[in-house]
Amino acid sequence: MAALLAQGRTLCAASLLLTAVALVGLFVSDWRAPLWLAAAAGALQLYYAVRVDFDARLLQALAARAETDADAGVARLDAALAALGLRKPGAVARDWPARWRGARALLRKQAGLVILQSAALLAALGNA
């Protein structure tokens with residue numbers, strides 16, 4: 001799962017390039033709505049990129065410190081996240097499939113925003 005989530009870094013790099021193109025286009029173009037959409041999608045994508053990368057690094061750290069009792073590692077992770085304010089202290093513990101579904105959902109949202117950026121830029125080029 002950590003390797004899959006690491007693909008979010010490639011999506012982020014592509015999105016940053018698309019955002020830069022949209023911002024340059026805003027300065028030189030009269031057709032602005034799709035360019036604003038592309039720039040806004042890029043900013044939102046950056047939020048998801050941070051979350052996906054955080055999850056990927058957490059999973060990498062857990063895998064690197066594989067323990068005989070995986071549940072103890074997850075319990076410590078949840079306690080650490082709660083101490084940092086990133087998880088509600090009384091939240092119900094999730095099993096691994098639920099965690100993976102959540103992580104994949106974040107990655108899908110990130111990819112969807114990159115697709116939206118691409119479509120918006122293509123629309124801007126079509127109207128240029």
Side-chain angles (χ1 to χ4, degrees):
M1 184 46 106
L4 176 65
L5 293 178
Q7 300 309 307
R9 293 181 192 123
T10 304
L11 289 172
C12 184
S15 177
L16 289 175
L17 178 63
L18 293 172
T19 302
V21 169
L23 292 174
V24 168
L26 282 170
F27 289 108
V28 297
S29 175
D30 290 334
W31 186 248
R32 298 185 185 269
L35 296 174
W36 278 111
L37 178 62
L44 188 56
Q45 179 282 148
L46 191 56
Y47 166 77
Y48 282 107
V50 169
R51 292 196 54 197
V52 166
D53 193 52
F54 182 75
D55 282 355
R57 290 176 191 266
L58 280 177
L59 289 172
Q60 286 171 345
L62 278 175
R65 299 183 56 103
E67 301 177 22
T68 56
D69 185 9
D71 292 333
V74 172
R76 282 200 321 269
L77 171 64
D78 286 342
L81 290 173
L84 292 170
L86 299 174
R87 182 173 166 81
K88 295 177 184 174
V92 176
R94 294 185 299 163
D95 59 354
W96 281 110
R99 290 173 192 269
W100 291 336
R101 281 191 302 274
R104 280 194 312 263
L106 288 174
L107 186 62
R108 278 193 300 269
K109 288 176 184 176
Q110 182 185 8
L113 287 165
V114 175
I115 291 168
L116 176 63
Q117 273 187 291
S118 300
L121 283 175
L122 287 174
L125 287 174
N127 292 325

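Everything quoted here is computed from the prediction, not taken from an experiment.
The distance from the CG atom of Leu107 to the CG atom of Leu11 is 6.0 Å, given to the nearest 0.5 Å. Separation of atoms CG (Asp55) and CH2 (Trp100) is listed at 13.5 Å; rounding is to 0.5 Å. Distance check, rounded to the nearest 0.5 Å: OG1 of Thr19 to CD of Gln45 gives 7.0 Å.
Considering every non-hydrogen atom in both Ala39 and Leu23, the closest pair reads CB-CD2, 4.0 Å. Closest approach of Ala56 to Leu5, counting heavy atoms only: CB-CB, 3.6 Å. For the pair Gly42 and Gln117, the tightest heavy-atom approach, listed with the atom from each and the gap, is CA-NE2, 3.3 Å.
Using a 4.0 Å cut-off between charged side-chain N and carboxylate O, Arg57 and Asp53 make a salt bridge.
In the hydrophobic clustering of this structure, Tyr47 groups with Val52; members are Ile, Leu, Val, Met, Phe, Trp, Tyr whose side-chain heavy atoms approach within less than 4.5 Å, directly or through other members. Linking Ile, Leu, Val, Met, Phe, Trp and Tyr residues whenever their side-chain heavy atoms come within less than 4.5 Å places Met1 and Trp96 in a single cluster. Taken together through direct or relayed side-chain contacts under 4.5 Å among Ile, Leu, Val, Met, Phe, Trp and Tyr, Leu4 and Leu59 form part of one hydrophobic cluster.
The shortest side-chain heavy-atom distance between Leu86 and Phe54 falls under the 4.5 Å cut-off. Put simply, the side chain of Cys12 reaches to within 4.5 Å of the side chain of Leu46, judged on heavy atoms.
With hydrogens and angles ignored, the 3.5 Å screen pairs a side-chain donor or acceptor of Gln110 with a backbone N or O of Gly8.
For residues 96-109, the salt bridge (Lys or Arg N to Asp or Glu O under 4.0 Å) pairs, not counting sequence neighbours, are Asp78-Arg99.
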